[in-house]
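Values in this document were obtained by computation on a predicted structure and should not be read as measured data.
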2 protein chains.
Amino acid sequence: MLQVSRKFEYGLHAVTYLATKGLGRVVTVKEMADEMGFSQEFLSKAMQSLKRAGIAASVQGVKGGYRLGKAPEEITVADIAIAIEGEPHLVRCGVKADRCEIFSSCHHRGYMNILQHKIQALLDETTIHTLLKEIER
Amino acid sequence: MLQVSRKFEYGLHAVTYLATKGLGRVVTVKEMADEMGFSQEFLSKAMQSLKRAGIAASVQGVKGGYRLGKAPEEITVADIAIAIEGEPHLVRCGVKADRCEIFSSCHHRGYMNILQHKIQALLDETTIHTLLKEIER
DNA sequence: TTAAATAGGACTATTTTAAACCTATTACCC
DNA sequence: GGGTAATAGGTTTAAAATAGTCCTATTTAA
Ligand code: SF4
Ligand code: SF4
């Protein structure tokens with residue numbers, strides 16, 4: 001169905017939240033989950049992924065929480081997708097060749113790989129900064 | 001994971017097969033499944049979808065089978081994707097608004113829709129004709 | 001020392017995809 | 001007309017991916 005995952009959407013919402021309402025402070029997962037209306041536990045997983053990728057930074061302990069790990073100009077939608085879903089694989093042979101039983105006789109692999117890179121480039125051309133400007137309008 | 005479905009890949013292989021080895025005749029699902037090495041029953045479903053969309057045409061009965069329903073220049077990768085997977089919905093609110101519980105407070109819906117149309121445009125810019133030329137090289 | 005937070009492993013439930021199964025219909029050919 | 005090889009398509013089952021929960025450990029401010 002070629003649909004983005006829920007976790008990615010949660011992550012994208014969280015990043016824009018941090019970039020607008022989280023300036024100069026750390027924001028708890030609880031606050032974000034309450035404010036945006038989704039599962040605290042699940043959002044927590046998304047935040048952990050974003051943190052590992054350096055998109056978010058965390059402070060542990062009481063009064064802890066998350067803030068952005070980079071400037072909004074330096075975070076692209078692709079960065080968030082990769083942080084949360086891992087490297088993209090439009091076709092299963094991208095994950096591992098033996099995941100496709102017709103690998104050796106496949107003729108459209110080249111095209112599929114080009115397509116994947118084009119989609120990736122689309123995700124890469126929008127930063128959180130530009131996304132926020134579009135939202136404001 | 002943003003991966004295309006198996007059924008779509010089967011369909012794309014079948015269309016290129018018909019466009020190269022199916023000239024001036026009808027090809028059975030059995031032949032294509034044997035030749036390309038995948039499930040006859042499953043490919044059959046893909047062919048039925050392609051037929052409904054007019055991409056393939058069928059002849060029933062003994063000596064029946066499939067041939068292309070349009071010229072390779074007139075079939076785009078997007079046509080095949082839509083025939084097999086239905087209208088694309090990068091986000092779940094595209095299917096139906098109430099499939100997303102945060103619909104009313106979502107700020108990135110607009111961007112996601114633009115993104116979807118850009119991806120769709122990418123799929124639309126490659127016809128089977130141009131795809132085959134790329135494969136030949 | 002308590003409490004509120006992140007970190008992360010393990011598990012469960014739900015949904016989607018892939019595939020198989022089965023029956024009907026069509027039409028060639030003897 | 002009857003047998004057979006094909007498409008047409010509905011229903012069911014199996015496998016995989018996604019979504020979400022649960023639980024425990026660790027960190028740190030107060
Ligand atoms: S069909 Fe081709 S492109 Fe698709 S997974 Fe198999 S080898 Fe890769
Ligand atoms: S989060 Fe926004 S874009 Fe995604 S499904 Fe919900 S309303 Fe649509």
Side-chain angles (χ1 to χ4, degrees), chain A residues 1-11 14 18 22 25-34 37-53 55-67 69 81 83-86 88-92 95-96 99-102, chain B residues 1-11 14 18 22 25-34 37-53 56-67 69 81 83-86 88-89 91-92 95-96 99-102:
Chain A
M1 217 197 290
L2 218 59
Q3 192 171 284
V4 299
S5 75
R6 208 76 188 122
K7 203 170 163 188
F8 165 78
E9 292 212 77
Y10 275 28
L18 290 178
R25 61 177 182 125
V26 294
V27 180
T28 66
V29 168
K30 186 173 188 310
E31 173 182 335
M32 287 192 282
D34 287 351
F38 33 65
S39 154
Q40 191 172 327
E41 293 274 16
F42 196 48
L43 174 60
S44 173
K45 295 296 186 196
M47 293 314 300
Q48 285 170 29
S49 299
L50 292 173
K51 192 231 151 163
R52 276 182 225 114
I55 293 167
S58 70
V59 174
Q60 288 191 319
V62 190
K63 297 278 173 189
Y66 291 96
R67 56 185 164 73
I84 288 183
E85 317 219 33
H89 300 292
L90 198 58
V91 284
R92 59 186 59 195
V95 185
K96 203 157 184 287
R99 290 243 287 168
C100 181
E101 67 283 357
I102 59 173
Chain B
M1 218 195 292
L2 219 60
Q3 191 171 283
V4 299
S5 75
R6 208 74 188 125
K7 203 170 164 188
F8 166 78
E9 291 212 77
Y10 276 27
L18 290 178
R25 63 179 181 122
V26 295
V27 180
T28 65
V29 168
K30 187 173 188 308
E31 173 183 335
M32 289 192 281
D34 287 352
F38 33 66
S39 153
Q40 191 172 327
E41 292 273 19
F42 195 46
L43 173 61
S44 173
K45 294 296 188 196
M47 293 314 300
Q48 285 170 29
S49 299
L50 292 173
K51 193 230 149 161
R52 275 182 225 114
S58 71
V59 174
Q60 288 192 316
V62 190
K63 298 280 172 184
Y66 292 95
R67 55 184 165 73
I84 288 182
E85 317 219 33
H89 301 292
V91 284
R92 62 186 58 196
V95 185
K96 202 155 184 289
R99 291 245 284 167
C100 182
E101 67 282 358
I102 59 174

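Atom CG of A:D34 and atom P of C:dA5 are 11 Å apart (whole Å). Across the protein-nucleic acid pair, A:F42 atom CZ and C:dA7 atom C1' stand 17 Å apart, rounded to whole Å. In this structure, B:L43 atom CG and C:dA18 atom P are separated by 14 Å, rounded to whole Å. As a whole-Å value, the separation of A:L18 CG from C:dT6 P is 11 Å. One interatomic measurement links the two molecules: CD of B:Q40 to C1' of C:dA18, which rounds to 16 Å at whole-angstrom precision. Atom NZ in B:K7 sits roughly 11 Å away from atom C1' in C:dA19 (whole-Å rounding). Distance, A:R67 CZ to C:dA5 C1': 15 Å, rounded to whole Å. Between the CZ atom of B:F38 and the P atom of C:dT17 there is a distance of 19 Å, given to the nearest Å.
Note that CG of B:L2 and NE2 of A:H89 are 11.5 Å apart. Values are rounded to the nearest 0.5 Å. With rounding to the nearest 0.5 Å, the separation of CZ in B:R6 from CD1 in B:I84 is 12.5 Å. One distance of note links CD of B:Q3 with CD of B:E9; it measures 7.5 Å at 0.5 Å rounding. In this structure, CE on A:M47 lies 12.0 Å from NZ on A:K7, to the nearest 0.5 angstrom.
By the side-chain contact (heavy atoms from CB on, under 4.5 Å) test, B:E31 pairs with B:Y17, B:R25, B:V27, B:T28, sequence neighbours left out. Partners of B:Q48 under the side-chain contact (heavy atoms from CB on, under 4.5 Å) rule, at least two apart in sequence or in another chain, are B:S44, B:K45, B:R52, B:Y66. By the salt bridge (Lys or Arg N to Asp or Glu O under 4.0 Å) test, B:R92 pairs with no residue at all, sequence neighbours left out.
Between A:A83 and A:L50, the shortest heavy-atom distance links the atoms CB-CD2, 4.1 Å. Heavy-atom minimum distance, A:A33 versus A:S39: CB-C, 4.3 Å.
Ring-plane geometry between A:F42 and A:Y10 is classed as perpendicular, the angle between the planes exceeding 60 degrees on a 0 to 90 degree scale with a lower cut at 30.
Here the nucleotide nearest the side chain of B:S39, chosen from C:dA18, C:dA10, C:dA20, is C:dA20.
The nearest heavy atom of DNA chain D to B:R52 and to B:G64 marks one nucleotide each, and the one closer to the 5' end goes with B:G64. Where A:Q3 and A:Y66 each meet DNA chain C at their nearest nucleotide, the meeting point lying more 5' is that of A:Y66.
An angle of 0°, rounded to 10°, separates the two end axes of the helix from C:dT1-D:dA30 to C:dC30-D:dG1, each defined over five pairs.
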Worksheet, complete the sentence: Scoring nucleotides 22-30 of chain C by protein non-hydrogen atoms under 4.0 Å (B base, S sugar-phosphate only, - none) yields B---BBBS-

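Reading DNA chain D from its 5' end, the first and the last nucleotide to sit under 4.0 Å from a heavy atom of chain A are D:dA17 to D:dA29.
Among the protein residues, B:K45 comes within range of the nucleic acid bases, having at least one heavy atom under 4.0 Å from a base atom.
When the side-chain nitrogen and oxygen atoms of B:R99 are compared with OP1 and OP2 of C:dT16, one or more of them lie within a distance under 4.0 Å.
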